[in-house]
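To start, the structure itself, in C-alpha cells.
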Protein chains: 2
Amino acid sequence: MSSNAELKKAGLKTTLPRLKILSMLESTNIRHMTAEDVYKSLLDSGEEIGLATVYRVLTQFENAGLVIRHNFEGGRSVFELNDEGHHDHLVCMECGEVFEFYDKAIEERQRKVAEESGFVLDNHSLYMYGVCEGMRNNGKCSINKKKLSSVLNTSKR
Amino acid sequence: MSSNAELKKAGLKTTLPRLKILSMLESTNIRHMTAEDVYKSLLDSGEEIGLATVYRVLTQFENAGLVIRHNFEGGRSVFELNDEGHHDHLVCMECGEVFEFYDKAIEERQRKVAEESGFVLDNHSLYMYGVCEGMRNNGKCSINKKKLSSVLNTSKR
DNA sequence: ACGTTAGTGACAATTATTAGCAATAAACAA
DNA sequence: TTGTTTATTGCTAATAATTGTCACTAACGT
C-alpha cells in the first residue's frame, strides 16, 4: 500500500511532511528512532521539516496506530513502524542494538494475569536489558553504529 | 532492619536527608512515587529537603538497589521501594492504580529467550496497561486518589 | 481557480532532571 | 568533645526533551 493510502486509512490528511516522514520510516533500515533521529535523517536527505512537526506527526501516527512509541530506559521516546505484528524487545546496553522477539507463552500468560486481576488490557510492553553476544565476545556489534544514539541513554547518570 | 543500618549496608553515609527519604518510603502506603511526589510528601510532614537532593538520593538508592526506577508511559521516572522480590506491573490508565504480580512462567520464558539470543540479562521490565475492574464498573477505584498524579501521564496527549 | 480549514514552521514556553558551587554536616582521629 | 577532612546539601542556573502559540501556507471540496 502506498504511504498516501496508508495516511488516508489512518484518517490523516495527506500532507507533504506526513508523507515524507512515513515513507522515510518505511524505507530506512533503522527500526527504532527518536523524534530527533527522524528529524535529522530527513535533513540528511535534504528534506526540511520542522522538529515540532516531526513530534506532532509522530504522535499522530502513534494515535493512528501507524507507529509504536517505546519508553526504553533513559526516558526519551523511541518510535518504531507498526508494520509487523506485536513483539517485545531485548536491548543491548553496550551497543544499543535492539532485538525483537515474540513468545507465545509469554503473551498467553499476560492475558491470563490481566484477566484474573479484572483488567481489560489496552497494551503492554516488555523490555529486557542486557549485553549482547557480540559486545561480550569481542566488544563489537555487527550492527550499524547509527543505532547507538537513538536508543541508549544519553545522560551520563 | 533500621533505615540507618540499611544505608550503611548500601554503602551510603547516613545523612539526615537520606534517612528521612528512606523511612518515608518505608512507611508510606503509596508504593509508586515520582521524585516530586517524594519531595512533596516530605514537605507535608514538615521536612524541608531540596528537590535536587531528592533526585540525587533516589538515584543513589537506585544504584544501591534500595529502590527500583520505573519508566511507565508518560516519561517521568517513578520509584518504588525494593523490598519485596521482583514483580511486574499492571497499570490502570483511568485511575492510576498499580497492581503488582509475579508469574513464574513468564519469568522462565524470558530467561529462555535471552539465553537463545545470546544475551546476558541485566534486568527487565514488563508493564501492562489497561482499565481496572472498579473503573469499568462504577467509575471509581478503591484506592487513594493520591496515587493519581504520580503514575499517570501528565500531558493531555 | 478559490475559499475554508487544517497543517506547518519558527520560536517561545514548559517540564523533568542535572550541574555548579558555596555552605554544612558526617565521620573519625586527637 | 573538638577540630579537620571530605562527602553531602541546598540554592539556583542550565540542559534536554517535548509541547504551545500563532502567523503563514498548503490540501480538499466546490
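Quick caveat, the model's predicted, so the values are computed rather than measured. Order of the sequence lines fixes the chain letters, A, B, ..., with proteins taken first and strands second; residue numbering starts at 1 for each chain.
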Residue pair A:Thr53 / A:Arg56, side-chain donor-acceptor N/O under 3.5 Å = yes
Start at the 5' end of DNA chain C and walk down; is the nucleotide closest to A:Val54 or to B:Pro17 reached first?
-> A:Val54
From [atom1] of [X] over to [atom2] of [N], roughly how many Å is that when rounded to an integer?
{"X": "B:Tyr39", "N": "C:dT15", "atom1": "OH", "atom2": "P", "answer": "16 Å"}
{"X": "B:Leu19", "N": "D:dT9", "atom1": "CG", "atom2": "P", "answer": "10 Å"}
{"X": "B:Leu7", "N": "C:dA27", "atom1": "CG", "atom2": "C1'", "answer": "15 Å"}
{"X": "A:Tyr55", "N": "C:dA13", "atom1": "OH", "atom2": "P", "answer": "19 Å"}
{"X": "A:Asp37", "N": "D:dA16", "atom1": "CG", "atom2": "P", "answer": "15 Å"}
{"X": "B:Lys40", "N": "C:dT15", "atom1": "NZ", "atom2": "C1'", "answer": "12 Å"}
{"X": "B:Leu16", "N": "C:dA27", "atom1": "CG", "atom2": "P", "answer": "11 Å"}
{"X": "A:Phe79", "N": "D:dA17", "atom1": "CZ", "atom2": "P", "answer": "13 Å"}

Do A:Arg56 and D:dG20 share a donor-acceptor pair, side chain to base, under 3.5 Å?
-> no
Does a nitrogen or oxygen in the side chain of [X] sit under 4.0 Å from OP1 or OP2 of [N]?
{"X": "A:Thr14", "N": "D:dC28", "result": "yes"}
{"X": "A:Arg76", "N": "D:dT18", "result": "no"}
{"X": "A:Ser77", "N": "D:dT18", "result": "yes"}
{"X": "A:Thr15", "N": "C:dT8", "result": "yes"}

Of the listed nucleotides C:dA26, C:dA10, D:dT9, the one nearest the side chain of A:Ala52 = C:dA10
Measure from the side-chain heavy atoms of A:Glu36 and tell me the nearest of D:dA17, D:dT12, C:dT8.
-> D:dA17
Test A:Leu25 against A:Met33 for side chain to side chain contact (heavy atoms under 4.5 Å, CB included), laying out the working first.
-> CA-CA 9 Å; A:Leu25 288 174; A:Met33 308 177 87; 4.2 Å; yes
When we call it a touch if two heavy atoms are under 4.0 Å apart, what does A:Thr53 touch: a base, just sugar-phosphate, or nothing?
-> base
Just say parallel, tilted or perpendicular for the rings of B:His32 and B:His70, cut-offs at 30° and 60°.
-> tilted
Please determine if A:Glu100 and A:Arg31 form a salt bridge, counting it only when a charged side-chain N lies under 4.0 Å from a carboxylate O.
-> yes
Give a yes or no on whether a salt bridge exists between A:Arg111 and A:Glu107, defined as a side-chain N under 4.0 angstrom from a carboxylate O.
-> no
